[in-house]
Protein chains: 2
Amino acid sequence: MADLSSTQAIEALGSLAQEHRLAIFRLLVQAGSGGLAAGDIAERLAMPKSSLSFHLAHLERAGLIVRRRDGRSLIYSADYAAMNRLVAYLMENCCGGAGCVDALSGSLERIAS
Amino acid sequence: MADLSSTQAIEALGSLAQEHRLAIFRLLVQAGSGGLAAGDIAERLAMPKSSLSFHLAHLERAGLIVRRRDGRSLIYSADYAAMNRLVAYLMENCCGGAGCVDALSGSLERIAS
DNA sequence: TCTTTATTTCGATATTTCTGGAATTATCGA
DNA sequence: TCGATAATTCCAGAAATATCGAAATAAAGA
């Protein structure tokens with residue numbers, strides 16, 4: 001699993017830095033590896049299909065989600081590995097060394113329990 | 001240390017999702033708590049002062065950096081706690097549960113060593 | 001093949017963000 | 001107080017993003 005370049009990190013950060021796209025991504029994370037059809041997402045988030053399509057394409061370009069076809073539906077799902085790479089990038093490049101690692105260990109334990 | 005709202009997370013993500021701002025932030029992380037004067041940053045990153053000022057204001061608004069005055073200089077420094085909150089937000093809301101925590105534990109160990 | 005369903009792509013517009021020179025504000029030292 | 005230094009704010013234009021209806025594409029089933 002190769003490290004992210006800063007260009008890739010910027011792409012990913014920019015994708016998540018938008019109200020609708022963050023909501024889409026969070027929904028897909030919740031949905032798990034089964035993913036959700038575009039139509040389902042549009043309905044749940046109550047947004048016009050063409051707008052949704054624009055944001056899905058953005059997230060896919062950034063590598064944060066993947067899609068597969070199932071009959072007439074296109075199923076989108078979160079790429080957890082990509083997200084891990086992004087978080088790892090932030091921890092390695094944008095955190096304050098040991099203090100940061102300690103602080104985050106606490107968070108990890110909280111989430112795991 | 002209160003959790004980030006999704007609006008705050010979007011602000012922070014948007015601040016880092018820009019070439020110059022990411023470079024500024026990384027530089028400030030490296031610089032440590034002593035921080036750097038605006039002029040130093042402008043020189044090191046070779047950018048016009050007014051542009052730099054725009055980006056510093058953006059990062060400060062997002063809560064990722066803080067500034068203090070020292071004589072004629074304004075010293076900027078990274079707010080590690082804010083960064084930790086952002087990473088924690090991503091792990092809690094945008095990661096795939098246990099699998100994600102395991103993957104990131106590995107990263108933490110790698111960074112710590 | 002024709003129709004229906006699922007979704008994307010196109011296109012025009014509105015909005016936001018970025019850029020950098022010029023003018024302005026704040027501080028220091030003589 | 002004056003002159004020099006450090007930085008910001010102002011401004012206008014350029015570039016990038018977001019919005020969403022209408023038209024186009026892809027697949028399924030009768």
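Nothing here was measured: the structure is a model prediction, and the numbers come from that model. Throughout, a chain's letter reflects where its sequence line sits, starting with A, and its residues are numbered from 1.
- Linking Ile, Leu, Val, Met, Phe, Trp and Tyr whenever their side-chain heavy atoms come within less than 4.5 Å puts A:Met47 and A:Ile41 in one cluster.
- Both B:Tyr76 and B:Leu27 are assigned to one and the same hydrophobic cluster, defined by single-linkage of ILVMFWY side chains at heavy-atom distances under 4.5 Å.
- Rounded to a whole Å, the CE atom of B:Met47 is 15 Å from the C1' atom of D:dA7.
- Between A:Ile65 atom CD1 and C:dT7 atom C1' the separation is 14 Å, expressed in whole Å.
- Residue B:Ser73 is classed as a sugar-phosphate contact, given heavy-atom separations below 4.0 Å to backbone atoms only.
- Taking atom CZ of B:Arg67 as the reference point, atom C1' of D:dT8 lies 8 Å away to the nearest angstrom.
- Within the structure, every side-chain polar atom (N or O) of A:Arg69 is placed at least 4.0 Å from both OP1 and OP2 of C:dT7.
- A:Ile65 and A:Leu45 fall within a single hydrophobic cluster, where Ile, Leu, Val, Met, Phe, Trp and Tyr side chains are chained together by heavy-atom contacts under 4.5 Å.
- The CG-P distance, from B:Leu56 to C:dC18, rounds to 13 Å in whole Å.
- Annotation: of the two residues near DNA chain C, A:Lys49 and A:Arg72, the 5′-most nearest-nucleotide partner is A:Arg72.
- Rounding to whole angstrom units, CG of residue A:Asp70 and C1' of C:dT7 are separated by 14 Å.
- No chain of hydrophobic side-chain contacts below 4.5 Å, direct or via other Ile, Leu, Val, Met, Phe, Trp or Tyr residues, connects A:Ile10 to B:Phe54.
- Nucleic acid contact class of A:Ala37 (heavy atoms, under 4.0 Å, all strands): sugar-phosphate only.
- What separates CD of B:Glu19 from P of D:dA16 is a distance of 12 Å, to the nearest Å.
- Which of D:dT8, C:dT8, D:dA18 sits closest to the side chain of A:Arg21 comes down to D:dA18.
- At whole-Å resolution of the value, CZ in A:Phe54 and C1' in D:dA22 are 18 Å apart.
- Rounded to the nearest 0.5 Å, atoms NE2 (A:His58) and NE2 (A:His20) are 13.0 Å apart.
- Applying the 4.0 Å criterion to OP1 and OP2 of C:dG20, one finds that B:Ser51 has a side-chain N or O inside that range.
- Within 4.0 Å (heavy atoms only), B:Ser50 reaches at least one base atom of the nucleic acid.
- The phosphate of D:dA6 (OP1 or OP2) has no side-chain N or O of B:Tyr76 nearer than 4.0 angstrom.
- Close to D:dT17, at under 4.0 Å from its OP1 or OP2, lies no side-chain N or O of A:His55.
- Spacing between atom CG of A:Leu52 and atom P of C:dT9 amounts to 12 Å, rounded to whole angstrom units.
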